[in-house]
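Accompanying notes for the structure given below.
For ligands, and for the atoms within them, numbers begin at 1 and follow the listed sequence.
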Amino acid sequence: MTTPQAPKSPAVIIVSAPSGTGKTTLNRRLTTMHPEVQVSVSYTTRKKRQGEEEGVHYHFVTNKHFHELIKQGQMLEYAEVFGTLYGTPVGEIQRLQAAGKIALLEIDVQGWRQAREKLPGAKAIFILPPTVEALWQRLEGRATEAKDVRWRRLMTARNEISSGNLYDHFIVNHNLETAYAELEAIVIKGERSKIGHQEGLRLCQQLLTEFDDSPWLHKLSRELADN
Ligand code: 5GP
């Protein structure tokens with residue numbers, strides 16, 4: 001006679017990526033194509049952007065409220081990203097799992113560093129840009145942001161990429177279609193990423209070398225310093 005087993009909880013997926021890597025587009029497509037995947041709704045102190053809704057994209061709170069939530073132990077993890085606080089509510093994963101959903105946490109590297117001991121079964125995916133130059137060009141495409149803001153985002157990306165060892169699965173976003181197919185294979189089919197841990201770390205190292213050795217980046221840094 002076989003022993004009855006407790007039903008397996010739906011998976012918990014972490015997706016982190018430096019800003020400008022296409023993470024939001026990939027995740028939106030995944031949740032649209034597969035409604036069984038739902039993004040965990042975080043708290044944030046940033047202002048609502050056009051088209052964002054309270055309780056759908058984020059819970060928009062004041063700094064004071066956010067700090068109260070931390071004090072009350074209501075944050076599974078939290079981090080300051082570009083001067084704004086973001087945090088995952090305790091209980092959000094259980095809420096999604098109880099509804100039979102795969103919980104998708106779009107959190108930054110600092111957040112995953114804090115949460116990973118609390119979420120031992122989670123699958124952590126890191127989305128990488130193909131090159132630093134491609135990342136810079138994508139940030140340049142955001143015409144709303146000044147060059148020094150883009151530069152700060154680029155340096156944050158460098159920092160994040162140096163923590164690639166916290167992730168098990170790596171996707172390089174060369175092309176949206178291929179990157180999406182890989183994300184879908186990992187989250188929906190439960191496959192491993194095509195790029196294994198060692199290869200992922202090698203790619204991170206390659207990007208870090210590009211950050212440190214590119215003549216165009218040195219030139220850009222001098223230009224910004226002179227302004
Ligand atoms: P955005 O303001 O563009 O929605 O998000 C900016 C950054 O904050 C992204 O890198 C995103 O992954 C990160 N982020 C969003 N929610 C959370 C959260 O709950 N915790 C952490 N640690 N980072 C978050």
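Protein residues are said to neighbour a ligand when one of their heavy atoms lies under 4.0 Å from it; for ligand 1 these are K23, S42, R46, R49, Y58, E77, A79, V81, Y86, G87, T88, E106, I107, D108, G111.
Between R153 and E160, none of the side-chain N atoms (NZ, or NE/NH1/NH2) sits under 4.0 Å from a carboxylate O, so this pair counts as no salt bridge. Ion pairing of E68 with K71 is absent here, as no side-chain N (NZ or NE/NH1/NH2) approaches a carboxylate O to less than 4.0 Å.
When atom types are taken as modelled, the side chain of S193 and the backbone of I195 share a donor-acceptor pair closer than 3.5 angstrom. A donor-acceptor pair under 3.5 Å links the side-chain atoms of Q110 to the main chain of E80, judged by distance alone.
F66 belongs to a hydrophobic cluster with Y43, V61, L69, I70, M75, Y78, L85, counting contacts under 4.5 Å between side-chain heavy atoms of Ile, Leu, Val, Met, Phe, Trp and Tyr, direct or through other members.
Rounding to the nearest 0.5 Å places CG of L208 at 10.5 Å from CG of D213.
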